[in-house]
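To keep things clear, I will list the structure first and then write my remarks on it.
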Amino acid sequence: MSQDNSSPRDAFWKEHFFGDTFSDLDAAAEEDGPSHPQDFTKEGLDAKEVVLCLSKSIVSLVSSVVVNHVGSETWILTSATLIRKPGTDHDAYNEDEVKIEVLLDNKRSTTGCLAMCNMQYNIAVVTVDLQFGLPIVAFNDLPECYSMLGRSVIAVGRDSKSQVLMVRHGNMIRKRSKLDCSELLLCTCPVSKTFIGGLVMDFERRIIGITFFGEDTTPVVPIEIVSRCLKHFKKFRKIKLPCLCIWGHAVHSVELRSLEILCLNFPELSYGIGIVVDQISGVSSENFGGIEAGDIICSIDGVVMRSVAQLTAMLLDMLFAMKSQKTMVLQAVMRRPRDNSKFVAQLNIWENCSVKCSNSFCNRWPLL
């Protein structure tokens, strides 16, 4: 007979984190590895200690997190993938077309109602009757450049069948996502589809963003965008989407060979400054001050640009504060590598509900 020499700490993890936590669909993605739930390395145990601080707030739709108590309701943030119609990019089921069951941390289930769905950032809010026993997770902005740095992070989810809390750890990486959403961050946490809508956080308990699923890397919707979407919804009952009609990516994600050439002509870019313009929508050129594909946005209204997520968060803040005016005019300091020139462009920004925006860029997410 074998003898169990595990410590009380090990026994605790076995009791709370073992079990049949994954469906057949996700089996291939859940092979034993450095972030397997049965990981008893120091990093694995540290990761689980960190996520226990918010385990009561992790519920299961896909994976979801409690974000607010408003009036007689508790708000649960999850992925819009949950209620998107098959074969479409931006069509979701209406509230009366779906039945949502929410599994809580204590193995109770309750009925949820779809309150908000935003396909642009692939997030949704489901409400349930007020659950004071579910602590909310506070979403705070990260320090400047924080998400650009490679660091160890943890993906957290809850399995919908066993209701077991799941943990995976990996690192943030500087790469561009293959999905059509230029705001996305990437990490190497080996997650399954069960984690979609869950959190990615670091070992200092800072929330980095919301998890999606990718084949090689894990896309993460940045927390600064998610928090502002929730702020918009709480005040306006919708998200006011900014229409810029420019598609781009951060300079710091450019491959090294191209980055070296840029920095020779514009040394300031070596500090990770700038957003490279990839494409411009077919809206009138006067709306973006003569900017061309290949130009680099270095700052807007005096704020140095370091990522597309930072720019989007800035525009969401502006729309939140905007009152009667229909359009905002911003000053962008530009660099043009084609001829090594510098210039200032006037950008017109408006809420994405106008006919003018019908041909502007929309994020597209694969239906999993």
Side-chain angles (χ1 to χ4, degrees), residues 17 29 33-37 39-55 57-58 63 65 77 121 123 137-157 165-179 181-192 195-228 249-256 259 269-275 304-314:
F17 289 94
S35 295
H36 192 270
D39 178 9
F40 288 99
T41 64
K42 183 180 185 303
E43 186 177 18
L45 292 172
D46 287 345
K48 291 163 186 172
E49 286 186 352
V50 169
V51 301
L52 277 180
C53 68
L54 47 74
S55 62
S57 302
I58 305 296
S63 280
V65 58
L77 178 70
Y121 299 116
I123 59 174
V137 175
F139 288 171
N140 300 309
D141 281 357
L142 299 171
E144 187 177 4
C145 305
Y146 195 80
S147 59
M148 292 167 50
L149 304 176
R151 65 181 66 250
S152 296
V153 291
I154 309 159
V156 189
L165 186 67
M166 301 179 298
V167 181
R168 295 289 182 274
H169 48 91
N171 294 287
M172 298 302 300
I173 56 175
R174 284 192 185 186
K175 286 187 177 180
R176 296 176 63 184
S177 171
K178 297 178 182 178
L179 300 181
C181 179
S182 53
E183 290 93 345
L184 288 174
L185 306 172
L186 289 177
C187 72
T188 60
C189 298
V191 304
S192 68
F195 281 79
I196 293 175
L199 295 177
V200 172
M201 58 192 297
D202 66 12
F203 282 79
E204 297 178 6
R205 303 184 184 183
R206 290 188 173 102
I207 308 297
I208 307 295
I210 303 299
T211 311
F212 195 58
F213 176 76
E215 294 296 335
D216 303 317
T217 55
T218 299
V220 180
V221 183
I223 197 63
E224 56 262 49
I225 291 178
V226 176
S227 63
R228 283 161 176 80
H249 64 278
V251 164
H252 68 77
S253 66
V254 173
E255 61 180 25
L256 187 58
L259 183 59
L269 300 183
S270 62
Y271 297 99
I273 293 173
I275 297 172
V304 174
M305 292 289 105
R306 300 183 185 275
S307 70
V308 181
Q310 176 198 8
L311 172 57
T312 298
M314 178 181 177

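On a predicted model such as this, the values are computed, not experimentally measured, just so you know.
Remark: Lys175 engages Ile173, Leu186 in a side-chain contact (heavy atoms from CB on, under 4.5 Å) (not counting sequence neighbours). For Val308, the side-chain contact (heavy atoms from CB on, under 4.5 Å) criterion is met by Ser182, Glu183, Ile275, Thr312, not counting sequence neighbours.
Shown here for Ala250 and Ser253, the closest heavy-atom pair between the two residues is O-OG, 2.7 Å. In terms of heavy-atom proximity, Val251 sits nearest to Leu269 at CG1-O, 4.1 Å. The shortest non-hydrogen separation linking Phe203 to Ser152 is CE1-CB, 3.6 Å. What you find for Val191 and Phe212 is that their closest heavy atoms are CG2-O, 4.1 Å. The two residues Arg205 and Met201 come nearest to each other via the heavy atoms CA-CE, 3.6 Å. The two atoms that bring Leu199 and Val137 nearest to each other are CD1-CG1, 4.2 Å, heavy atoms only.
Listed for the Thr188 side chain is a donor-acceptor partner under 3.5 Å among the backbone atoms of Asn171. With hydrogens and angles ignored, the 3.5 Å screen pairs a side-chain donor or acceptor of Arg228 with a backbone N or O of Glu224.
The side-chain heavy atoms of Ser192 and Arg168, taken from C-beta on, include no pair separated by under 4.5 Å. Met166 is not listed as a side-chain neighbour of Val156, based on a closest heavy-atom distance of 4.5 Å or more.
Atoms SG and CE, on Cys189 and Met172 in that order, are 8.5 Å from each other to the nearest 0.5 Å. With values rounded to the nearest 0.5 angstrom, Ile210 atom CD1 is found 4.5 Å from Phe139 atom CZ. Here the CZ-CG distance, from Arg174 to Leu185, works out to 11.5 Å after rounding to the nearest 0.5 Å. Taking CD1 from Ile207 and CD1 from Ile154, the interatomic distance works out to 9.5 Å, rounded to the nearest 0.5 Å.
Sequence neighbours left out, the pairs with a member in residues 207-220 that pass side chain to side chain donor-acceptor pair (under 3.5 Å) are Lys178-Asp216.
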